[in-house]
Amino acid sequence: MKFKVSIGKKPQHDGMVSCVGWTVGDDLFSCGDEGSILKWNTKTGETAAITKLPDGVYPADMAWFPSNVGGRQSASELFVLGTTDGKFHLVSKNGRFEKSVEAHNGAVIAIKWSKNGNSLVTAGEDGQVKIWSRSGMLRSTLAQVGTPVYSVAWGPDSEQILYACGKQIIIKPLSPSAKPTQWKGHDGLIMKLDWSSVNNLIVSGAEDRKYKVWDSYGRLLFSSHPHHYPIMSVSWSPNGQMFAVGAFNTLRLCDKSGWCYSLDKPNTGSIYSLDWSRDSTLVAGGCGNGHVIFAGVVNQTIEWKHLVVTLQEEKVLLVEDVVNNTKDQLEFRDRVVKMSLGWDHLVVTTSSQCLIYSTSNWNTPLIFDLKGLTTSAILLARKLFLIVDSVQGLSVYSYEGRLICSPKYSGIRTDSLNVNNIAVSSDTLVLVDSRDNRAYHVFDINTGRELTDKPLYHSQELLTVALDQYGNTNERCLAFTDKNNDLFLVQIRHSNPLTKLKKLGGMVTTLMWHDTTNMLSALQDGRFTVWYYPRAVYIDMELLPQSKVFKDAGEFGKNPQIVSFLGHHCTLRRSDGSLVSTAVSPYPTILQNYVSKTSWDDAVRLCRFVKDGALWASLAAMATAAKELNTAEIAYAAINETEKVEYISYIKDISNKAARNAEMSLFCKQTGEAEGTLLQAGLVYRAIRLNVDLFRWNRALELAVKHKTHVDTVLAYRQKYLQDFGLEESDNVFMQYSKEIAVDWTTIQNKINMELENERGK
């Protein structure tokens, strides 16, 4: 990936260009020190003068009204302009000054709209940071420092302000009672800051000639090597995947983790201001020599199996088949905004259309109009795909181009949607709540409705969510990491999902499901870990550590990220941007394919051939889940689980099928399911005895009283239990029934024998 840089032959401004800003469309506005405000049309290449500032007034910063207010494209086409006379001005698109407000003693150096468009923040030469209403009324003075504040930004929730004071970076909540977060950011004066609403990361640039990436807690994630000149401008792309850095005759394109995609050396002087187009494909910069620089993102590459797709030009894609050594060139009428490859399909969105290609036919794509969408992400699943739009929200389509649903929930913030807080499969969609990252919403794809009346809550904020792609819909599993970097698994479509929440491990930084099976890969505490069958956590917890493999992740460098998990290889990206692949055993994939076809004999033969304990443990879990007792018995024997082999042998001797199924549920520690199976089959005595054996005395008595049978049996076993442990009855309910019902072991034994005889007859 790199920038394709474009600069005019002659500068259109007579002085330094101090600020630039994109409109909702493809128009750019620029302000120069000579006082003129110019409008640039990127489609036609035309430039027009809009208005001119009074003599002696110089622009310092500008910001367009946000386009996503209310979840739809805003009708307000105006921008705010901060000037050196201490005022800010609300200016319409046609150049009319709607209002001017006295704001600071000295220049208004930085100005920004809040994400919701309700407020403005200004930072001045007088060292003050102020909050204003949309109409220009002063709400509060948030900070007063002794030095000029050169940069300011809103937090993703519009409830915090980020600003720079000398070498310090400060996050100040709007709430008066909340304490600010402050840390030393650089060794020189900080010139520019930006805070992404999508990935919640902060980028800063300073006179120490470095740019740095931080999380919202002030922890340093990346620090660049010193440049030749001070960093004058930084700016996040709206999709949160990359940022641009400007300095003297320098323009960099960087990944969100900090490493550099490309470096350009245009003859521009210092680049004082950078702003991205709404679709994250173009960045514009205001230059010290009067030029406005335009840079389009090209050479973006995506891979899937044997296919490589490269964005050669803004309207041209090259598709390479590395196996068959063929190349196809795809041309589009509009600029390519986003593309995604997988599941035998290539989905491309332009500024006006969505095109769906089958990997078997590149000549006749399926095309439909996007009606003004600005695509920020495309997520593919096996049977469908999801388009994320930063203005209008989410849309789920089939690969035939049919709109399936447009899921949403109350209070959704479309600008915060990204690949980390969205998970999609062919039947389920999960969205992390943008207002409270501890909550997540679960949708049924076919109806577009939430599966629960209220969102599900986790104890900590969620960082990453991912859904498995294969298996029964009712067993769909969501894997997620939280703020503590703990990895959890939850059966998301269970009637009570939170009862199916299980922790798989800690210190997990990145994760990904396999493309054709339900294997799960992750980087955990400096090791690359693969769970062959993570659902074992619901079947036999002791099998989970036995069914995973790991290797040292030192070869992948510091803080690598999993990019893909396809076939027998997992691809990771190092912190320097390079890709590295690691092999994964092919046998778990073969084993799961055998199990999906119920070829249990083939599965056993495979495990005997490979002689791998993790494979045997996976087979034991799969067979137990499928209630395939013979295979489960063989698999448990192979991993020396003698007690479990004996218990399975006992279950096999039970003649009644419902009773066997209940015992298997009990084997998997699913007590409620076991009891329900017995009651549904009319095996009341077994349900009562199950609770007696588990010392759930109150539940056993409740069932006996409800079904008017074996009350004396429960009382007898209760008395025997108390006698064995030298205890006296203290439960009032049992004391009452003991007075009313006599216990006769002979009668009870006869009743039990009769129940067992009746079971054998069923």
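In this structure a side-chain-to-backbone donor-acceptor pair under 3.5 Å is missing from R535 to A621. Side-chain atoms of D215 come within 3.5 Å of backbone atoms of G218 as a donor-acceptor pair (strictly under, hydrogens ignored). A donor-acceptor contact shorter than 3.5 Å links the side chain of Q546 to the backbone of E542. Side-chain atoms of T464 never come within 3.5 Å of backbone atoms of T481 as a donor-acceptor pair (strictly under, hydrogens ignored). Without hydrogens or angle criteria, N199 side chain to G240 main chain gives a donor-acceptor distance under 3.5 Å. For D602 (side chain) and S599 (main-chain N/O), no donor-acceptor pair under 3.5 Å exists by modelled atom type. A distance-only check finds a donor-acceptor pair linking the side chain of D444 to the backbone of T447 [under 3.5 Å]. For S596 (side chain) and N593 (main-chain N/O), a donor-acceptor pair under 3.5 Å exists by modelled atom type. A donor-acceptor pair under 3.5 Å is absent between the side-chain atoms of S416 and the main chain of V198, judged by distance alone. When atom types are taken as modelled, the side chain of Q160 and the backbone of S158 share no donor-acceptor pair closer than 3.5 angstrom.
Scanning all heavy atoms of the two residues, the minimum distance from L619 to A603 falls at CD1-CB, 3.9 Å. Taking each heavy atom of E555 and D552 in turn, the nearest pair found is OE2-O, 4.0 Å. Closest non-hydrogen pair, I190 versus Q168, comes out as CD1-O, 3.7 Å. Across every non-hydrogen atom of K115 and W154, the tightest pair is CE-O, 3.9 Å. The two atoms that bring S618 and L591 nearest to each other are CB-CD2, 4.2 Å, heavy atoms only. The two residues V490 and Y440 make their nearest non-hydrogen contact at CG1-OH, 4.3 Å.
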Kindly indicate, with the supporting measurements, whether the criterion side-chain hydrogen bond (donor to acceptor under 3.5 Å, both in side chains) is fulfilled by S224 and K212. CA-CA 6 Å; S224 71; K212 298 182 179 182; over 6 Å; no
Check against salt bridge (charged side-chain N to carboxylate O under 4.0 Å, His left out), D486 and K503: CA-CA 7 Å; D486 291 330; K503 182 177 176 179; 3.5 Å; yes
Could you check I171 against W195 for side-chain contact (heavy atoms from CB on, under 4.5 Å), going step by step and ending with a plain yes or no? CA-CA 11 Å; I171 297 177; W195 194 347; 3.9 Å; yes
Intermediate values then yes/no, side-chain contact (heavy atoms from CB on, under 4.5 Å), N418 and I422: CA-CA 6 Å; N418 63 85; I422 302 174; over 6 Å; no
Check the pair K454 / T452 against side-chain contact (heavy atoms from CB on, under 4.5 Å), numbers first and verdict last. CA-CA 5 Å; K454 297 179 180 179; T452 55; 5.7 Å; no
Assess whether side-chain hydrogen bond (donor to acceptor under 3.5 Å, both in side chains) is satisfied between T428 and R493, documenting all intermediate values. CA-CA 8 Å; T428 309; R493 296 182 75 103; 2.9 Å; yes
Criterion side-chain contact (heavy atoms from CB on, under 4.5 Å) on L511 and L487, from CA distance to verdict: CA-CA 9 Å; L511 65 100; L487 173 62; 3.7 Å; yes
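Defined by atom type and a distance below 3.5 Å, a donor-acceptor pair is missing between the side-chain atoms of T374 and D279. W259 and S575 are not linked by any side-chain donor-acceptor pair at a separation below 3.5 angstrom, with hydrogens and angles left out of the test. Side-chain contact of D612 with Y587: a donor-acceptor pair under 3.5 Å is absent, judged by distance alone. Looking at W276 and N239, their side chains never bring a donor and an acceptor atom within 3.5 Å of each other. Side-chain contact annotation: D540 with Y636, donor-acceptor N/O pair under 3.5 Å present.
Note: H345 and Y399 have parallel aromatic rings, judged against thresholds of 30 and 60 degrees for the angle between ring planes. Taking the six-membered ring where tryptophan is involved, the planes of Y647 and F667 are essentially parallel, since the angle between them stays under 30° and well short of 60°. Between W214 and H186, the ring-plane angle classifies as perpendicular under the 30° and 60° cut-offs. Classification of the H441-Y409 ring pair by plane angle, with boundaries at 30° and 60°, yields parallel.
A cation-pi geometry, defined here as NZ or CZ lying under 6.0 Å from the six-membered ring centre and within 45° of its normal, holds between R527 and F550. Within the cation-pi definition used here (under 6.0 Å to the ring centroid, within 45° of the axis), R252 does not qualify as a partner of Y211.
Salt-bridge formation is detected for the pair R476/D468: a Lys NZ or Arg NE/NH1/NH2 atom is positioned less than 4.0 Å from an Asp or Glu carboxylate oxygen. With respect to D576 and R574, no salt bridge is recorded, no charged nitrogen being found less than 4.0 Å from a carboxylate O.
Ring-centre distance between H514 and Y470: not below the 6.0 Å cut-off.
The 12-atom threshold is not exceeded at CZ of R438, counting heavy atoms of other residues, nucleotides or ligands nearer than 6.0 Å. The number of heavy-atom neighbours closer than 6.0 Å to CE of M507, taken from other residues, nucleotides and ligands shown, is 12 or below. Taking a 6.0 Å sphere around NZ of K500, one finds it holds more than 12 heavy atoms contributed by other residues, nucleotides or ligands. Counting non-hydrogen atoms of other residues, nucleotides and ligands closer than 6.0 Å to NZ of K627 gives a total above 12. The number of heavy-atom neighbours closer than 6.0 Å to NZ of K383, taken from other residues, nucleotides and ligands shown, is 12 or below. Summarising the local packing, NZ of K172 is surrounded by more than 12 heavy atoms from other residues, nucleotides or ligands at distances under 6.0 Å.
Between L220 and F222 the shortest side-chain heavy-atom distance does not fall below 4.5 Å. For the pair I539/Y533, a side-chain contact is recorded, criterion being any heavy-atom separation below 4.5 Å from C-beta on. Counting only heavy atoms from C-beta outward, the side chains of F565 and M519 approach each other to under 4.5 Å. Using a 4.5 Å cut-off on side-chain heavy atoms (C-beta onward), K2 and L253 make no contact. By the 4.5 Å heavy-atom criterion applied to side chains, I387 and Y397 are counted as neighbours. Looking only at side-chain heavy atoms (C-beta outward), L579 and L572 stay at 4.5 Å or farther from each other. You'll find the side chain of L162 stays beyond 4.5 Å of the side chain of I170, heavy atoms only. At least one side-chain heavy atom of F443 sits under 4.5 Å from a side-chain heavy atom of L431.
Looking at L346, D344, L341 one by one, the single match for side-chain contact (heavy atoms from CB on, under 4.5 Å) with L307 turns out to be L341.
Separation of atoms CG (L467) and CD1 (I492) is listed at 7.0 Å; rounding is to 0.5 Å. Atom CG of residue D482 and atom CG of residue N437 lie 11.5 Å apart, to the nearest 0.5 angstrom. Interatomic distance, CG of L456 versus CG of L451, reported as 9.0 Å (0.5 Å rounding).
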